[in-house]
2 protein chains.
Amino acid sequence: MELSERQLQILQAIIDDYVENAEPVGSRSLTKHHDLGVSPATIRNEMSDLEEMGYLTHPHTSAGRVPSDKAYRLYVNELMKKKNLTSSEKKAINDRLAASRDEFDTTLRHAAELLSEITHLASFAMTPAANEDTISFIRLMPVDERTIILMIVGDSGNVTNTTLRLTVPYTQEGLELLSKNMTVNYKGRTLDDVLKSEIIEDVGDDLEALSQLRGSVMPSFMRTLEDMMNVHLYMEGMMNIFNIPEYSSIDRARDFMELFSRKDEFTRQMLERGDGVVVTIGEENDNMKDCSLITATYHVDGKLVGKIGVIGPTRMKYDEVTSIMEYLTNNLSESFKLTDGKDKR
Amino acid sequence: MELSERQLQILQAIIDDYVENAEPVGSRSLTKHHDLGVSPATIRNEMSDLEEMGYLTHPHTSAGRVPSDKAYRLYVNELMKKKNLTSSEKKAINDRLAASRDEFDTTLRHAAELLSEITHLASFAMTPAANEDTISFIRLMPVDERTIILMIVGDSGNVTNTTLRLTVPYTQEGLELLSKNMTVNYKGRTLDDVLKSEIIEDVGDDLEALSQLRGSVMPSFMRTLEDMMNVHLYMEGMMNIFNIPEYSSIDRARDFMELFSRKDEFTRQMLERGDGVVVTIGEENDNMKDCSLITATYHVDGKLVGKIGVIGPTRMKYDEVTSIMEYLTNNLSESFKLTDGKDKR
DNA sequence: GTTAGCACTCACTCAAGGAGAGTGCTAATC
DNA sequence: GATTAGCACTCTCCTTGAGTGAGTGCTAAC
């Protein structure tokens, strides 16, 4: 069952040709484009064997061969070599990410943009799942007589704020007291933990007015926590798929696009994937059985984990794409180190 | 050149049929579906006149008639009647918007979602252009020894924050001093004004350390102001266009989608449009000459102006869409009143 | 002014035929 | 025994042409 050296060589050649041209490759054209040292007839015999082993398929009798998912899997696991990015590619990545270094979500969106520009495929970037992030402090600030701002800051630097319209009046002192009170209660606890816990009616030295204020603020507090935990998903380059022969029929294109309109489901699926560069090919995916999906993880502050990804036809340049993603995630992780080297707590 | 009553009736019938079926309508089928009281031959004569006047076109000799942009314009200006939304439609809109009343951007996104769900077209919502918004206060808050949060609050309730990584150390007092200092300098000024002004090196009672801190903060401050001014664009229902016969070819679909991938350009164009419900049909648009575009404006705090919009083929149900948008924008404006009735300054 | 009748036009569908790329098998060759 | 040349066969794709049907435009009658 082991493939011979020559079979591997032929398989690689077929994959190369097919990835390039998106058309079934025949024995004769293969010998033309590659120096394999044997005649088409020999290629045919080998192709026939490879097909029997499940590495190639046949759209119809008189067509050339097409690599199967199994072939791509073999290629990804054994055959492909890491590509080195050119220094201009590296520079483009570095420049684009550096421009927005201190704005987390913007940086991520740029990463997704880069990914789709370089690979000419659809790409996405997700913020980390923040349920393990811990609360650093909570602050309430006045805007006008009926409007306040609620701000929650996590230890990872994750910040969310909401503008609240109150139905009860408030005082500056009331806000400060409640801010401190909430910070004391929740500091150091994970978002997940706080969200799941009962709302604590800490009556300690509460005044009547304060407890009213708390009552108005708590529902929004919980909602904001949830939003803070939510993974944000940025998608880029969806248009690219229109240029890919695989999706040149309107129905295929629609199917492809619909995967992404269900953002929540898509996000959930992506979260389940492992760390590092993960490649899933065709049938290996739960839905999108005619796509390949490559994800890679980056780290924030060495702790929280976010993902970026690329989606395209199974016929894609796995070597290039994985190499770019590796470089990109390393770069992101480096950017997102909060305090260089030191543990900040 | 004035159209007769019968011609208007026929034109309306043709528009109705064509909007419904997306197929050129012939004289015979028109008499079948509408009670016009005349024979197909008469219809043909009238159609011929209408075509001469530019209200109808002919894909080819032996096909039925298709309304021209001019016909839709006439329809929108003269013929169409306002549709009343059913109470269940109204309820759906009210419920969906009420659920997120205090989170501005979320509410807007929901509005766009609603719009595309009801109309089955592509839709968008834009936050107001905030260059006229004035600064209420600025605050700097510590996170850890190298990280602070910069928060800018506008008088309209517009809040933006950024996490900054400092290369210089800071003190709590330094942050507070700088916050106050910046607030005093910028309070009441419009974002536009501040962005355009030179960075003021207010050396008054500045310490050396403070001026260093200011130096690190100012570039991010400016960048954050810019972000705050930026119009956010939420697009929904792009997938809907796959179900529209006009865009059933991959090329047309691609052209359509490409309009939206250029978000900045698109936003700029939309900002130029007038207030209230604005309908532009086919050739009346600068690009997207085969689409119609309907926009409507909502108000925040009676002052800032944002837009929502719908894009589809010129063949669309103008009466329904405009009615829904009118209802929706009224609802949004109502939601976004900060302090009911009273002027808050 | 309206209508019936009829010739004509044009897109669309379907089947048939030819071209081209490729396979699979067999027999000859190295 | 592996490799190769040769050839019949298969299947898609493209083109062509005939047939169909919806619709118009014109003319003559009402």
Side-chain angles (χ1 to χ4, degrees), chain A residues 2-11 13-18 20-68 71 245-246 248-249, chain B residues 2-11 13-18 20-68 71 245-246 248-249:
Chain A
E2 191 77 350
L3 292 181
S4 73
E5 193 57 39
R6 191 170 69 186
Q7 285 176 323
L8 286 174
Q9 205 188 345
I10 291 172
L11 191 58
I14 293 173
I15 290 175
D16 285 350
D17 270 24
Y18 187 68
E20 193 64 37
N21 307 314
E23 266 162 31
V25 349
S27 54
R28 211 174 111 75
S29 71
L30 199 66
T31 52
K32 266 189 196 159
H33 302 133
H34 300 263
D35 187 20
L36 297 165
V38 287
S39 77
T42 311
I43 302 283
R44 281 204 287 281
N45 291 331
E46 296 285 29
M47 277 176 161
S48 180
D49 291 350
L50 284 168
E51 181 164 3
E52 207 170 325
M53 288 187 269
Y55 291 106
L56 296 176
T57 56
H58 230 176
H60 58 266
T61 339
S62 64
R65 301 311 212 285
V66 171
S68 66
E246 274 86 342
S248 64
S249 103
Chain B
E2 190 75 352
L3 292 180
S4 72
E5 192 56 39
R6 192 170 71 185
Q7 284 175 322
L8 287 175
Q9 205 187 347
I10 290 171
L11 190 59
I14 292 172
I15 290 175
D16 285 350
D17 270 24
Y18 186 68
E20 192 65 38
N21 307 313
E23 266 162 32
V25 350
S27 55
R28 212 176 108 77
S29 72
L30 198 67
T31 52
K32 267 189 195 162
H33 301 133
H34 299 264
D35 188 20
L36 297 165
V38 289
S39 77
T42 310
I43 302 282
R44 279 204 287 281
N45 291 330
E46 295 286 29
M47 277 175 159
S48 179
D49 292 350
L50 285 168
E51 182 164 2
E52 207 168 327
M53 287 186 271
Y55 292 105
L56 296 176
T57 57
H58 231 176
H60 58 265
T61 339
S62 66
R65 297 320 209 283
V66 171
S68 67
E246 272 86 343
S248 63
S249 105

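First the proteins, then the strands, lettered A, B, ... as listed; each starts at 1.
- With the nearest nucleotide of DNA chain C identified for both Arg6(B) and His60(B), Arg6(B) has the one nearer the 5' end.
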>> Walk me through whether Glu46(B) and Ile43(B) qualify under side chain to side chain contact (heavy atoms under 4.5 Å, CB included).
In response: CA-CA 5 Å; Glu46(B) 295 286 29; Ile43(B) 302 282; 5.7 Å; no
For nucleotides 13-19 of chain C, list the nitrogen or oxygen atoms of the protein found under 3.5 Å from its nitrogen or oxygen atoms, one pair per line.
none

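- The minimum heavy-atom distance between Asp17(A) and Leu30(A), with the atom names listed, is OD2-CD1, 3.9 Å.
- Taken residue by residue, residues 21-33 of chain A places heavy atoms nearer than 4.0 Å to DNA chain C at Gly26(A), Ser27(A).
- For the segment residues 43-52 of chain B, residues with any heavy atom less than 4.0 angstrom from an atom of DNA chain C are, sorted by number, Arg44(B), Asn45(B).
- Contact footprint of chain B on DNA chain D: nucleotides with an atom under 4.0 Å from a non-hydrogen protein atom, first to last in 5' to 3' order, dA22(D) to dG25(D).
- Considering only residues two or more places apart in sequence or on other chains, Arg28(B) meets the side-chain hydrogen bond (donor to acceptor under 3.5 Å, both in side chains) condition with none of them.
- Residue-level contact check: Ala63(A) touches the backbone only, with heavy atoms under 4.0 Å from sugar-phosphate atoms and none from bases.
- Listed pair Thr42(B) / dT2(C) fails the phosphate criterion, with no side-chain N or O lying under 4.0 Å from OP1 or OP2.
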>> One pair to check against side chain to side chain contact (heavy atoms under 4.5 Å, CB included): Val25(B) and His33(B). What are the steps and the verdict?
In response: CA-CA 11 Å; Val25(B) 350; His33(B) 301 133; over 6 Å; no
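- Residues Pro67(B) and Leu56(B) share a closest heavy-atom pair of CA-CD2, 3.9 Å.
- Atom CZ of Arg44(A) sits about 13.5 Å away from atom CD of Glu51(A), to the nearest 0.5 Å.
- Among all heavy-atom pairs drawn from Ala22(A) and Pro245(A), the shortest one is CB-CG, 3.9 Å.
- One distance of note links CG of Asp16(B) with CG of Leu11(B); it measures 9.5 Å at 0.5 Å rounding.
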>> Set out, in order, the CA-CA distance, both residues' side-chain angles and the distance that settles side chain to side chain contact (heavy atoms under 4.5 Å, CB included) for Leu3(B) and Met53(B), then state yes or no.
In response: CA-CA 9 Å; Leu3(B) 292 180; Met53(B) 287 186 271; 3.4 Å; yes
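- Taking each heavy atom of Tyr18(A) and Glu246(A) in turn, the nearest pair found is OH-OE2, 4.4 Å.
- Residues in residues 29-43 of chain A take part in no salt bridge (charged side-chain N to carboxylate O under 4.0 Å, His left out) pair, two or more places apart or across chains.
- For the residue pair Arg6(B) and Val38(B), the shortest heavy atom distance occurs at NH1-CG1, 3.7 Å.
- In this structure, Gly54(A) and Ser68(A) approach most closely via the heavy-atom pair O-OG, 2.7 Å.
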